[in-house]
A.B. asks: 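Just passing along the structure, written as structure tokens.
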Amino acid sequence: MENRGSFGSKLGIILASAGSAVGLGNVWRFPTEVGENGGAAFILVYIICVLLLGVPLMVAEFIVGRNTHKNPVDAYRTLAPKTGWVLQGLLGVFTAWFILSYYSVVAGWTLKYLVSAVVNQVTTMSDSSAFFVSFTQNPWMPVVYMAAVLLMTHWVIVRGVQGGIERYSKMMMPMLLLIIAVLVVCSFAMPGTVEGLKFLLWPDFSKLDGGVLLSGMGQAFFSLSVGMGCLCSYASYFTDDAKLFKTAGSVALIDTIVAVMSGFIIFPAVFSVQEVAPDAGPGLVFITLPTVFQMAFAHVPLIGWLFAIMFYLLLLLAALTSMMSLHEPVTSFLLERFKMSRRAATWVVTASCIALGTLCALSFGPLSEVRFLFGMTFFDFFDFVSAKIIMPLGGILLSIFVGWYLPKSLVIKEITNSQTLHFPRWLFVGFFFLVRWVAPLAITAIFVNELLS
Ligand code: PFF
């Protein structure tokens, strides 16, 4: 086999995989979902979904990647030769490419806000909503910022697995965790702490309904990056002694801690500004939070300024490590299937994502009138197709593939690292039960609900 590289250490494996999981999904989407779905009850549902669906499926994806040491398409081709399963690999690569294109638009917004925070614009703007709207509707600015974050990702991916992804994950993830810790402490000093914490920690079960359940499941999938090619692709660079259960457990733990901490940062702050609602939706971090930073700035200018910079730097770091994991499966597919050099493959992915991302970036401004199915803009369409159609479908197929198609002996061999690790029997029984039955049935429920809603 040609030398395709591998991660150099177990820490590198965990930090890179956690980097994929921790992203805009944690710091931007999670608080939004918590706000819209009633707080603590949603968090409880989310955590149950992470444990019962997210972790088993993450292990399943690791098995496919680590067993074959190939890009997602060739991984399925190797494990299921001459069958239609190769389409599952292709779906994963295609989805990663699709998600990367629109994800980088929001990542670009975070870069814009970071720059604005540094020049003290975030803390002094008179109308945060007008600022957001005029930026996202501008005919070229969102494109420039989107291209900039894609080029930053390109810079890492072109350096390969150890010298790029692992090296930068090891730098960026500790920085991210440190910023989170500092911001949580700052946020607790805000006047709205008690109300914010009550909202986050006191479950109001009357809020629980089918919609909350399904939103929790959807969020768990998106946040853990499961159901497509990213984790499979990272796992193809895992060493043979990497422990799959332990890695998945650590990643899920880090991911959940970051999500809950983001809630701890955002809600006390939001509740301290009486006139902003916690269910402000996706604009929460771009429209609501600047108001909070302004308030802090009015009291202690240095703190408000630093708070804003650290928050948007956190969002940017989180976004970049996830973008790396979305870029790599597409790059490795081109590189291995079409025998391209890493440099050429990386450029094809970056350039095509800039082209596709431009359509998404402009769909808030000049292209806002271009509509698809159900009146969706390019951005909405990309989000809908990838997160709401392909990801659940990918999750269902993954659970069927690993739970039912692959020989049980191969699955056990991967989990136990060829019988060198020993687990209690209930863990195997539980794992197979979740992957074979719970995951496909539960995800089908999300899928059908999303399509009908
Ligand atoms: N998990 C990332 C987040 O929470 O932002 C987003 C993501 C990355 C989704 C990679 C899917 C994926 F394959």
Side-chain angles (χ1 to χ4, degrees), residues 15-34 46 49-50 53-55 57-58 60-62 64-65 71-72 88-89 91-110 149 153 157 165 169 172-173 176 180 215-236 248 251-252 254-263 282 285 314-333 349 353 382-395 398:
L15 289 182
S17 310
S20 168
V22 172
L24 296 171
N26 303 61
V27 194
W28 175 58
R29 200 171 189 271
F30 180 80
T32 306
E33 291 276 315
V34 173
Y46 169 77
C49 293
V50 166
L53 298 175
V55 174
L57 282 185
M58 195 186 281
E61 213 169 318
F62 284 166
V64 175
N71 68 76
Q88 161 78 345
L91 195 73
V93 167
F94 179 74
T95 318
W97 182 62
F98 232 53
I99 295 187
L100 182 57
S101 303
Y102 80 85
Y103 195 86
S104 42
V105 173
V106 184
W109 296 351
T110 71
V149 288
T153 312
I157 295 297
I165 297 171
S169 300
M172 289 156 84
M173 287 307 287
L176 182 150
I180 283 260
S215 302
M217 283 202 264
Q219 174 62 18
F221 270 65
F222 187 82
S223 188
L224 294 176
S225 316
V226 291
M228 33 173 306
C230 298
L231 296 176
C232 170
S233 165
Y234 270 13
S236 73
V251 171
I254 297 176
D255 189 66
T256 306
I257 290 176
V258 172
V260 174
M261 289 296 139
S262 302
V285 303
L314 164 73
L315 263 181
L316 182 65
L317 288 173
L320 284 174
T321 50
S322 294
M323 287 173 68
M324 281 150 47
S325 79
L326 288 160
H327 203 301
E328 179 59 26
V330 197
T331 302
S332 65
F333 165 64
V349 179
C353 283
F382 276 41
D383 180 49
F384 177 80
V385 171
S386 44
K388 297 197 172 164
I389 302 216
I390 309 182
M391 270 180 100
L393 197 63
L398 172 69

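All ligand and atom numbering here is 1-based and tracks the order in the structure. Predicted model, so just to flag it, every value in this text is computed and none were measured.
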A.B. asks: Would you check, one step at a time, whether the test side chain to side chain donor-acceptor pair (under 3.5 Å) holds for Asp255 with Ser223?
C.D. replies: CA-CA 7 Å; Asp255 189 66; Ser223 188; 2.6 Å; yes

A.B. asks: For Ser20, does its backbone N or O pair with a side-chain atom of Tyr234 as donor and acceptor, under 3.5 Å?
C.D. replies: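 No; zero donor-acceptor contacts below 3.5 Å.
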
A.B. asks: Among all the protein's non-hydrogen atoms, which is closest to atom 9 (C) of ligand 1, and how far away is it?
C.D. replies: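 The closest one turns out to be Phe222 O, 3.5 Å.
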
A.B. asks: Any side-chain to backbone donor/acceptor pair from Gln219 onto Gly25? Under 3.5 Å, distance only.
C.D. replies: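 Between the backbone of Gly25 and the side chain of Gln219 there is a qualifying donor-acceptor contact (under 3.5 Å).
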
A.B. asks: Which atoms of ligand 1 sit under 4.0 Å from any heavy atom of Leu326?
C.D. replies: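 Checking each atom against Leu326, I get 10 (C), 12 (C), 13 (F).
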
A.B. asks: Can you tell which of Gly25, Pro329, Ser225 gets a heavy atom nearest to atom 12 (C) of ligand 1?
C.D. replies: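 Considering heavy atoms of Gly25, Pro329, Ser225, the nearest to atom 12 (C) of ligand 1 sits in Ser225.
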
A.B. asks: Nearest 0.5 angstrom please: Leu316 CG to Leu24 CG, how far?
C.D. replies: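 Taking CG in Leu316 and CG in Leu24, the distance rounds to 9.0 Å.
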
A.B. asks: Using a strict 4.0 Å cut-off to heavy atoms of Ser322, name the atoms of ligand 1 that fall inside it.
C.D. replies: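 That gives atoms 2 (C) of ligand 1.
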
A.B. asks: Testing the basics here: between Cys230 and Pro329, what is the closest heavy-atom pair and its distance to 0.1 Å?
C.D. replies: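 Closest approach of Cys230 to Pro329: CA-CG, 4.0 Å.
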
A.B. asks: Which ligand 1 atoms does Ser20 reach within 4.0 Å, using its non-hydrogen atoms?
C.D. replies: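 So the answer, numbered in order with elements, is 1 (N), 2 (C), 8 (C).
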
A.B. asks: To the nearest 0.5 Å, what is the distance between CE on Met228 and CZ on Phe222?
C.D. replies: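 It comes to 9.0 Å.
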
A.B. asks: Heavy-atom pairs closer than 4.0 Å: do any link ligand 1 to the side chain of Ala21, the backbone, both, or neither?
C.D. replies: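 The part of Ala21 near ligand 1 is the backbone, not the side chain.
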
A.B. asks: How far is atom 13 (F) of ligand 1 from its nearest protein heavy atom, and which residue and atom is that?
C.D. replies: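 The closest heavy atom on the protein side is Cys230 SG, 2.9 Å.
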
A.B. asks: Do you know which two heavy atoms are closest between Ala220 and Val50, and how far apart they sit?
C.D. replies: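 Residues Ala220 and Val50, closest heavy atoms: CB-CG2, 3.9 Å.
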
A.B. asks: Say whether, by atom type as modelled, one donor and one acceptor occur between the side chain of Gln88 and the main chain of Gly394 under 3.5 angstrom.
C.D. replies: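 Yes: the side chain of Gln88 pairs with the backbone of Gly394.
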
A.B. asks: Have a look at ligand 1 and work out which part of Leu231, if any, has a heavy atom under 4.0 Å from it: side chain, backbone, both or neither.
C.D. replies: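 Leu231 to ligand 1: no contact under 4.0 Å from either part.
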
A.B. asks: Between Tyr103 and ligand 1, which part of the residue brings a heavy atom under 4.0 Å of the ligand: side chain, backbone, both or neither?
C.D. replies: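 Near ligand 1, Tyr103 shows its side chain, while the N, CA, C and O stay back.
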
A.B. asks: Could a heavy atom of Ser223 be found less than 4.0 Å from some atom of ligand 1?
C.D. replies: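 Yes, Ser223 has a heavy atom closer than 4.0 Å to ligand 1.
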
A.B. asks: Hey, which atoms in ligand 1 end up nearer than 4.0 Å to a heavy atom of Leu24?
C.D. replies: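 With Leu24 as reference, the close atoms of ligand 1 come out as 5 (O).
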
A.B. asks: For ligand 1, which part of Arg29 has a heavy atom less than 4.0 Å away: the side chain, the backbone, both, or neither?
C.D. replies: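 Arg29 to ligand 1: no contact under 4.0 Å from either part.
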
A.B. asks: Any heavy atom of Met391 sitting closer than 4.0 Å to ligand 1?
C.D. replies: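 True for this residue.
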
A.B. asks: Assign the ring pair Phe382 / Phe98 to parallel, tilted or perpendicular, where the plane angle (0 to 90°) is split at 30° and 60°.
C.D. replies: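 Parallel, since the angle between the ring planes stays under 30°.
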
A.B. asks: Does Val22, backbone or side chain, put an N or O under 3.5 Å from an N or O of ligand 1?
C.D. replies: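 There is no such contact.
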
A.B. asks: If you count the atoms of ligand 1 from 1 in the order shown, which ones are under 4.0 Å from a heavy atom of Met228?
C.D. replies: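 It comes down to these atoms of ligand 1: 11 (C), 12 (C), 13 (F).
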
A.B. asks: Please identify which of these residues, His327, Glu61, Glu328, meets the side chain to side chain contact (heavy atoms under 4.5 Å, CB included) condition with Ser233.
C.D. replies: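 Exactly one pass, corresponding to Glu328.
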
A.B. asks: Any nitrogen or oxygen of Ser325, main chain or side chain, under 3.5 Å from a nitrogen or oxygen of ligand 1?
C.D. replies: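 In fact, backbone or side chain, Ser325 has no N or O that close.
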
